[in-house]
> 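For reference, the structure I am asking about is given below.
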Amino acid sequence: MYYRIKDELAECLQARLAEAFGITREQYRVQVQYPARLEFGDFGVSFPFELAKVLRRSPQQIAQQFLDGFRAPAYVRRIETAAGGYINLAVDRWLVFQDAVRALTAGRLWPEFEPDAGKTIVEHTNINPNKAAHIGHLRNAILGDSLVRLLRFNGKRVEVQNYIDNTGVQVADVVVGFRHLEQQGPAEVAAIEDRFDYVCWDLYARVAHFYEASEANARLRGEVLHQIEAGDNEVAELADLIATRIVNCHLDTMERLDIRYDVLPRESDILHLHFWDTAFGQLKARGAAELETAGPNAGCWVMRYQKDGQEDTKILVRSNGTVTYTGKDIAYQLWKIGQLDRDFHYEPFRAYDDGHTVWASRSTPADESDLQPPRFGGGDWVFNVIDVRQAYTQNVVFEGLRRLGYTDEAARSVHFAYEIVALSPRCAQELGFELSEEDRQRAHVEVSGRKGLGVKADDLLDRLEEKARREVDVRNPAMPPDQAARTARDIAVGALRYFMVRYSRKALIVFDFDDALNFDGETGPYLQYSAVRARNIGLKYREHFGQDEAATAAALDGLSALPAIELPDDVWELLTQALKLRDAARASLAGQELAAFAKYLYTLAQRFSNFYNKHHIIGEEDPVRRLVFLAVVHIYYQGMQRGLDILGIPIPERM
RNA sequence: GCGCCCGUAGCUCAGUUGGAUAGAGCGUCGGACUACGAAUCCGAAGGUCGCAGGUUCGAGCCCUGCCGGGCGCGCCA
């Protein structure tokens, strides 16, 4: 198989290196690359340059000596030196093609990766349950969900967690809003029929002004927060009602994007089950937590650690005995790596259409549920999808693990950091916000839930669907309305999901409706469109030649017995790009960069579009060429289908 | 003050972990539908990779300094 050729060649070259120069793989590891240009070949290496000094010979001489007596595998058609020291290899196109067609007809184009015995936990979304989700949350959830899909493709067993901070000040603020601005209690709030997350969005922004109005108002926040943490009172009941309703809204929003979860750990349960106590016990026993007796932090339990030769101190327990955010996070991370010695109880929170259940944590054993929860937590690898502003805190948490002796676990805990989504000043003004003179001069404005400044996730999805629907209706006047709606939805999802992963994690996205609503060029719809066309070719082909699927499959099967024909460059480039799917997925995961995989798929779609415009498959006179083209289109479609699935992008029937 | 990140075409971004002539999209200009669907394709213009040194056979990528921008560093969460 083609995906194995690169590895095989590396082995082969490595062996020859030992034979010709006595260089072991420990001394030098051969790295096979893809040459910059097609005419150079399909694979290339540059080790003659790198070994020139050690071997005391010119790169050219090394390359020559290496090649004299080198026995290349049978599929290597051409091997030569270039540009004073590169070694380029070109493979036999027809052999690779036949091999790929056999894999296609046998249904094993992308064999599964070795399943991984361990468990990988991915935590993402983590939206404060006090208002509607916005574009910043979309980047988190889409990045997180795409990572989950990529991990699964790479053979990992993944558990998806969505942490619910239901006892924080953000929820308290909305409770204050309902009680003191709206004069509403649990019964009235439960009866609200309007979009609950939107109601809270506006209310949350009003509470910020309410606090500014007087000291007494501002004090309400602390009082409410205290009552929420204490539990067992009407304020806590209201907070729970709000948080639960909002979580349901968030799950609905994410469901529109095919994003699902396995478990929702709730902060209130971390408190009630005293996760911190056992974590604190471990920290004290190890001497990682120390009680300060003097100085500004007197009375606090702190963690001291060395960072770049400088000592840093982080407070874990305040002098009033309460635990800081960092402290709670260490306890939670310990649970995730299976070293807390304490667990949640669980209850089903929601059942998805396909029967999958998302569970929520609870503090007490579930009464009489016939469903038994899976074992949650205890991951061998942990990915925390959190924006880059939390880098410092995440480092402190991992340092905490190391101080407790969990160095391997800390090494397998990843802060999957990404830059935030901000708004262009123009976009903020479009949304009806008055910007200060200072903000107007800036390149971007930060989204702010407190100010109510932001683009709501569902509003954006609605606008995408409306625009897609107009385009669908223009192109497909005869399409039934329900199919048109479905298609518009698929296009909206494709556009949004691709938009959020096409940027590298370190790139700050300055959001603008013009960019996000674009369906041309490097966008999700471009990829979807190319897949739809490829699928159509298969349909039209069978229709035109009066074949059923079995007959077409038989014809493709017979292809490997036919005499070789010359594969044109553009066909070859399309084929090899499609066959690099596994390589691209592996590299994307190794580099922890989803944008790399997105770019790979985009390039693949470009090659197909190019091929599509140049060659007419059904109109092709030569029956062998026609069949070869059809096979390549099939391979392309299979690759695109698999690739788009990794990005969570659906393929409409028509568009 | 300390730490992290960024600076590449008019705009938004890639750049396979140091490789060959720095690539896409948008925008601009000019072309291609009586053939599988033009949400497409082809062509053109557009670059001192922030600046200056250094390491290297080779630097957009590594090191040092400077300039410009963003973020983080709380007995908030």
Side-chain angles (χ1 to χ4, degrees), chain A residues 31 33-37 40 44-46 48-50 52-53 58-59 82-86 88 128 165 167-170 225 267 296-300 302 307-308 310 312 314-320 322 324-326 328-329 387-393 395 417 419-420 422 442-444 446 468 471-472 474-476 491 502-504 506-510 512 514-515 518-523 525-526 528-530 532-534 536-541 543-544 583-584 587-588 590-591 595-596 598-600 602-603 606 609-610 612-620 629-630 633 654-655:
Chain A
Q31 207 75 38
Q33 297 162 322
Y34 298 119
R37 304 167 58 142
F40 296 155
V45 285
S46 56
F49 292 106
E50 291 153 58
K53 189 164 273 180
S58 75
Y86 290 99
N88 293 325
N128 282 320
D165 183 3
T167 55
V169 287
Q170 287 87 355
L225 191 57
E267 172 138 309
N297 298 333
C300 298
V302 302
K307 183 166 162 278
D308 305 320
Q310 297 219 322
D312 203 349
K314 193 73 193 169
I315 293 169
L316 303 176
V317 181
R318 302 181 190 98
S319 55
N320 68 4
T322 56
T324 62
Y325 176 79
T326 311
K328 278 184 281 194
D329 224 14
D387 78 56
V388 70
R389 293 173 300 185
Q390 296 277 352
Y392 174 74
T393 315
N395 278 329
E419 258 293 352
I420 61 165
R442 294 167 74 97
H444 53 84
E446 198 176 337
E471 303 280 341
V472 170
V474 168
R475 291 173 171 78
N476 307 278
I491 292 168
R502 60 173 290 200
Y503 299 94
S504 65
K506 282 178 183 171
L508 181 111
I509 298 180
V510 179
D512 207 283
D514 287 349
D515 297 331
N518 182 29
F519 295 161
D520 299 327
E522 193 189 340
T523 64
Y526 177 92
Q528 293 172 309
Y529 186 59
S530 76
V532 169
R533 286 169 133 186
N536 271 348
I537 291 174
L539 295 175
K540 293 278 175 179
Y541 187 96
E543 191 181 303
H544 190 268
D583 197 39
S588 171
K599 294 281 177 207
Y600 157 77
Y602 174 64
T603 305
Q606 267 185 320
S609 296
N610 175 294
Y612 181 94
N613 274 277
K614 198 143 43 172
H615 303 284
H616 195 257
I617 289 92
I618 292 170
E620 172 60 46
F629 288 167
L630 182 71
V633 169
R654 297 177 59 82
M655 62 185 282

> Do the side-chain N or O atoms of A:Arg318 get closer than 4.0 angstrom to the phosphate oxygens (OP1, OP2) of B:G74?
no
> Under 4.0 angstrom, heavy atoms only, what part of the nucleic acid is A:Ala298 near: base, sugar-phosphate, or nothing?
base
> Side chain of A:Gln606 only, heavy atoms from C-beta on: which candidate in B:A24, B:G19, B:G37 is closest?
B:A24
> Syn or anti for B:U12, taking syn as within 90° of 0?
anti
> Just compare B:G37, B:A39, B:C75 and give me whichever is closest to any side-chain atom of A:Asn297.
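Looking only at side-chain atoms, A:Asn297 lies closest to B:C75.
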> Check this one for me: any side-chain N or O of A:Tyr392 less than 4.0 Å away from OP1 or OP2 of B:G72?
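No.
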> What contact category does A:Lys53 fall into here, base, sugar-phosphate, or nothing, at under 4.0 angstrom with non-hydrogen atoms?
sugar-phosphate
> Checking all strands, does A:Gly591 fall into the base, sugar-phosphate, or nothing category for heavy-atom contacts under 4.0 angstrom?
base
> Heavy atoms from C-beta onward define the side chain here; which of B:C73, B:C5, B:G19 lies closest to that of A:Ser46?
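Closest nucleotide to the A:Ser46 side chain: B:G19.
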> Please state whether the base of B:A39 and the side chain of A:Arg475 form at least one donor-acceptor pair under 3.5 Å?
yes
> So, under a plain 3.5 Å distance rule, would you say the side chain of A:Arg37 forms a donor-acceptor pair with the base of B:U21?
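Such a pair is found, so the answer is yes.
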> Look at all strands and tell whether A:Tyr612 reaches a base, only sugar-phosphate, or nothing, counting heavy atoms closer than 4.0 Å.
base
> When we call it a touch if two heavy atoms are under 4.0 Å apart, what does A:Asn610 touch: a base, just sugar-phosphate, or nothing?
sugar-phosphate
> Need one value for A:Asp583: base, sugar-phosphate or nothing, where a base atom within 4.0 Å counts as base even if backbone is also close, heavy atoms only.
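It contacts nothing in the nucleic acid.
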> Does A:Ser319 get its side chain close enough to the base of B:C75, under 3.5 Å, for a donor-acceptor pair?
yes
> Is A:Ile509 touching bases, backbone alone, or none of the nucleic acid, heavy atoms closer than 4.0 Å?
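A:Ile509: no heavy atom of the nucleic acid under 4.0 Å.
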> Can A:Arg502 be said to sit on top of A:Tyr602's aromatic six-ring, NZ or CZ under 6.0 Å from centre and within 45° of the ring axis?
no
> With a cut-off of less than 4.0 Å, is there a side-chain N or O of A:Lys599 near OP1 or OP2 of B:A14?
no
> Minimum heavy-atom separation for A:Ala83 and A:Phe49, please, with both atom names.
O-CZ, 3.7 Å
> Over all strands shown, is A:Pro296 touching base, sugar-phosphate only, or nothing at heavy-atom distances under 4.0 angstrom?
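Base: the residue A:Pro296, judged by heavy atoms under 4.0 Å, touches a nucleobase.
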> Categorize A:Tyr86 for me: base, sugar-phosphate, or nothing, with a 4.0 angstrom heavy-atom threshold over every strand shown.
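Result for A:Tyr86 = base.
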> Base, sugar-phosphate, or nothing: which does A:Ala507 touch, judged by heavy atoms less than 4.0 Å apart?
sugar-phosphate
> Report yes if some heavy atom in the side chain of A:Gln606 is under 4.5 Å from a heavy atom in the side chain of A:Glu522; otherwise report no.
no
> Respond yes when some side-chain nitrogen or oxygen of A:Arg442 is under 4.0 Å from OP1 or OP2 of B:C71, and no when none is.
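True: A:Arg442 side-chain N/O within range (under 4.0 Å) of B:C71 OP1/OP2.
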> Which nucleotide in the set B:A77, B:G19, B:C41 lies at the smallest distance from any side-chain heavy atom of A:Glu50?
B:G19
> A:Glu522 has a side chain; which of B:A24, B:C6, B:C73 sits nearest to it?
B:A24
> For B:C13, measure the glycosidic angle (O4'-C1'-N9-C4 for a purine, O4'-C1'-N1-C2 for a pyrimidine) and name it syn if it falls within 90° of 0, otherwise anti.
anti
> So A:Val474, base contact, sugar-phosphate only, or nothing? Heavy-atom distance under 4.0 Å.
nothing
> Which one, B:G37, B:C26, B:G70, comes nearest to the side chain of A:Asp520?
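Per side-chain heavy atoms of A:Asp520, the pick is B:C26.
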> For A:Tyr602, report the nucleic acid contact type (base, sugar-phosphate, nothing); a contact means any heavy atom under 4.0 Å.
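Sugar-phosphate contact only.
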> Look at all strands and tell whether A:Asp165 reaches a base, only sugar-phosphate, or nothing, counting heavy atoms closer than 4.0 Å.
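Sugar-phosphate only.
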> What is the nucleic acid contact for A:Phe519, judged by heavy atoms within less than 4.0 Å: base, sugar-phosphate only, or nothing?
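Contact class for A:Phe519: base.
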> Counting heavy atoms from C-beta on, name the nucleotide in B:G37, B:C75, B:C71 closest to the side chain of A:Arg389.
B:C71
> Considering only side-chain heavy atoms of A:His616, which listed nucleotide, B:C26, B:A20, B:C36, is closest?
B:C36
